[in-house]
Enquirer: 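Dropping the structure in here first, questions after.
Everything quoted here is computed from the prediction, not taken from an experiment. Per chain, numbering begins at 1; letters A, B, ... match sequence-line order.
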Amino acid sequence: MASNPQLNSNGELTHLLSIEGLPRAVVENILSTADAFASVGDREVKKVPLLRGKSVFNLFFENSTRTRTTFEIAAKRLSADVINLNINASSTTKGESLLDTVDNLAAMQADMFVVRHASSGAPYLIAEHLNRTGAHHIHVVNAGDGRHAHPTQGLLDMYTIRHFKKDFSGLTVAIVGDILHSRVARSDIHALTTLGVPEVRVIGPRTLLPSFVESMGVRVFHDMAEGLRDVDVVIMLRLQNERMRGALLPSAQEFFKSYGLTPEKLSRARPDAIVMHPGPMNRGVEIDSAVADGGQAVILPQVTFGIAVRMAVMSIVAGN
Amino acid sequence: MSAHRTAITGGTLIDPGAGREGPGGVFIEGEKIVAVGAAPAGFMPDTVVDATGMIVAPGFVDLCARLREPGAEFKNALASEMHAAVAGGITSLVCSPDTDPVLDEPGLVEMLRYRAKNLRGPRVFPAGALTEGLKGERLTEMAELRGHGCVAFSQADAPLHDTQVMLRAMQYAATHGFVVILRPDDAWLSKDGMAHEGQVAARLGLTPIPAEAETIGLLRILELARVTRARVHVARLSTARSLDLMRAAKAEGLSVTCDIAVHHAHMTEMDIGYFDPHCRVVPPFRAQRDRDALRAALKDGTIDAVCSDHAPVDEDDKALPFGEAEPGVTAVELLLPLLLKWAGEDAVPRAQALRLITSGPAHALGMPYGRLWAGGPADVAVIAPERYWKVTPAALVSQGKNTPFAGYELAGRVVHTLVAGVVVHSE
């Protein structure tokens, strides 16, 4: 098997492709670096000069507003030049291959690609191509690939948990909903197990859990009331519209009844439990408004922390 | 002018179909073998092939390879892939009908055979399409296609949703005594699938292909084979459970045979690593216990044949995210060394291993090849079984450089290949 393409020969993070396989120290370093950036947003001049003169290309092969925007803000706060490319609308429709697009942008002296793609593994293909063609100075940050990984979301979730819970070593964390199609769930699971969380639970109907999910080190629950008992952190996942009818689920209403997070279901968790969601939320589908707007929700702080975490990731990979 | 005479001497004969193993030669006159073992009295060869230290075996019979013709004439693929096949010791090659256009008309089959005949390479035996355009709706003119040289009828990797059509195809083929080749697959369960439903697909977020897609497909085939009494060759098994079903079907006396692709004896889902598109294959590489079951079934004879399932794929069509990459492995040149690697690792005698690429596949399709006998076709492979070589994609004869075995050190080279008495490959 090939060596981990996101680490250089010194074991340093040169691309961020997945949390899986990252040493714990690398993850902790990202979180503590993010601490240092968290205050930048509170300054009058919200900028540090770490990436001055560098060009960051947001390569979005799949639509996204929120993730692209937070990456853009993070790069700009690091003083980078940001170029947004919505590739759906340009090259691939003209028949250009993914790697041809990458080569062209590399020839424009790109320093970093932030990649979102509908196919699992696409950022690996790009990173390995850059490594192979000797473009070691160009770094790849995965902003979500298919069902595989969304590592910066996983990291900002860890940052949020650490902020509110201080320590990972005694926590029980439940991830609820459509695990099957969720890159966020996969990244969260790897991040939580890497950081030593003793119990990670996944809760959902059998149709929305991948086979062999337990091989990732999680406990599987199908009954939400049971799965939420005494948990410290609840991570709700977005249920995509197209999953709501058909063979996976009969209806959004039935899903909400079994797996929607209501104040009543949340009462099974520890009283100081926090509720997270990667956004955008479907109120009344996976989460009740009373919870989403309630005192235990930390969904907006997640967004704020996301900028600091993405600044940390970009500054670290750019320095390796 | 008398026919050219060739003597292959000094080697060890291994002819699994005849149960022969030991020192001896093969003596050829024209296109035929005139003697196996000792030279006939007064035999004066025009050419002597020195096989000292080597194995002399029947040329290999490959039940599934893609020559990309019709479809890729502009790349001259037929010539390169036939050349690659004989470099791998293959002298009889059954080509899959999943060409562009599909091999479903006599004219296309005729043209392919005509073009193949004018190139130096293996004997090419087209498998005709079982259904028109491989759409799984209407039967092809099987009797007509047989008359133009199709050795069997196959649905290739195309779905056959309609069980009624499968039943009728088997009934019709059985009427004429034709062999039907089917890869077991419930196309609803494998729809959009990329990798084996296991821990790797779960981790990497790849759309899974469950083992049940194969076993449900196989149960359907076996039930219909029982009622139609058709001769069915089940292609490309990949799961442990399938082999249990095949064992039971054979014990029951159904007229069924089966094969696996040689790479499935070695690779598992784990080899996908970080989305290696060279491990994107149909059927997918399965779990380790499946691979171990395939190897056990090779050893106990449940599996009749090992094929290359050769699929040359352009690098451009592989340099894509895993799920978008074109499936397939370039394999004709690796058939022998990968078979010998398995035999060495599992302590299987060479003769038993070679049966899987000679008399085993020939018998499965009723082809008069894959053995050495006086009066038989002079198709011979001379093998250096201990010669190690490193798999270097760029050095492969095939236009397909798509192999997950790049960098492997493998033992076993084909030194000479003869088809119809003519040396078509030598190194």
Enquirer: Atom OG1 of B:Thr207 and atom CG of A:Leu180: how far apart are they, to the nearest 0.5 Å?
Expert: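 Going from the OG1 atom of B:Thr207 to the CG atom of A:Leu180 covers 8.5 Å.
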Enquirer: So for B:Gln199, is it side chain, backbone, both, or neither that comes closer than 4.5 Å to the heavy atoms of chain A?
Expert: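 For B:Gln199, backbone and side chain are both near chain A.
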Enquirer: A:His190 versus chain B, heavy atoms under 4.5 Å apart: side chain, backbone, both or neither?
Expert: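 The side chain, not the backbone.
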Enquirer: For a side-chain contact (heavy atoms from CB on, under 4.5 Å) check, start with the C-alpha distance between A:Ser120 and B:Phe275, then their side-chain angles and the critical distance, and finish with the verdict.
Expert: CA-CA 8 Å; A:Ser120 300; B:Phe275 303 96; 3.9 Å; yes
Enquirer: How many angstroms lie between CG in A:Leu125 and CZ in B:Phe322, if you round to the nearest 0.5 Å?
Expert: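 Here the interatomic distance stands at 12.0 Å.
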Enquirer: Check whether A:His117 gets within reach of chain B through its side chain, its backbone, both or neither, counting any heavy atom under 4.5 Å.
Expert: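 Contact with chain B involves the side chain of A:His117 alone.
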Enquirer: Counting only heavy atoms not in A:Arg24 (residues, nucleotides, ligands), do more than 12 fall under 6.0 Å from its CZ?
Expert: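 It does: A:Arg24 CZ has more than 12 such atoms within range.
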Enquirer: Taking all atoms of both residues into account, what is the closest heavy-atom pair of A:Leu99 and B:Ala319, and its distance?
Expert: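 It is CD1-CB, 3.8 Å.
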Enquirer: Which heavy-atom pair separates A:His148 from B:Arg203 by the least distance, and what is that distance?
Expert: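 Taking every non-hydrogen atom into account, CD2-O, 3.6 Å.
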Enquirer: Using a 4.5 Å heavy-atom cutoff, which residues in residues 326-342 of chain B come close to chain A?
Expert: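 From residues 326-342 of chain B, none sit under 4.5 Å of chain A.
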Enquirer: When you measure from the side chain of A:Arg186 to the backbone of B:Ala202, do you find a donor-acceptor pair of N or O atoms at a distance under 3.5 Å?
Expert: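 Yes, because the side chain of A:Arg186 sits within donor-acceptor range (under 3.5 Å) of the backbone of B:Ala202.
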Enquirer: Can you check whether A:Leu98 reaches B:Pro321 side chain to side chain, under 4.5 Å on heavy atoms?
Expert: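 The answer is yes; the side chains approach within 4.5 Å.
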Enquirer: To the nearest 0.5 Å, how far apart are CG in B:Leu204 and OH in A:Tyr124?
Expert: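 It comes to 7.5 Å.
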Enquirer: Please test B:Leu206 against A:Arg147 for side-chain contact (heavy atoms from CB on, under 4.5 Å), starting from the C-alpha separation and ending with a verdict.
Expert: CA-CA 7 Å; B:Leu206 298 172; A:Arg147 304 176 182 184; over 6 Å; no
Enquirer: In this structure, are over 12 heavy atoms from other groups packed under 6.0 Å from B:Lys401 atom NZ?
Expert: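 Yes, because the 6.0 Å sphere around NZ of B:Lys401 holds more than 12 heavy atoms from other groups.
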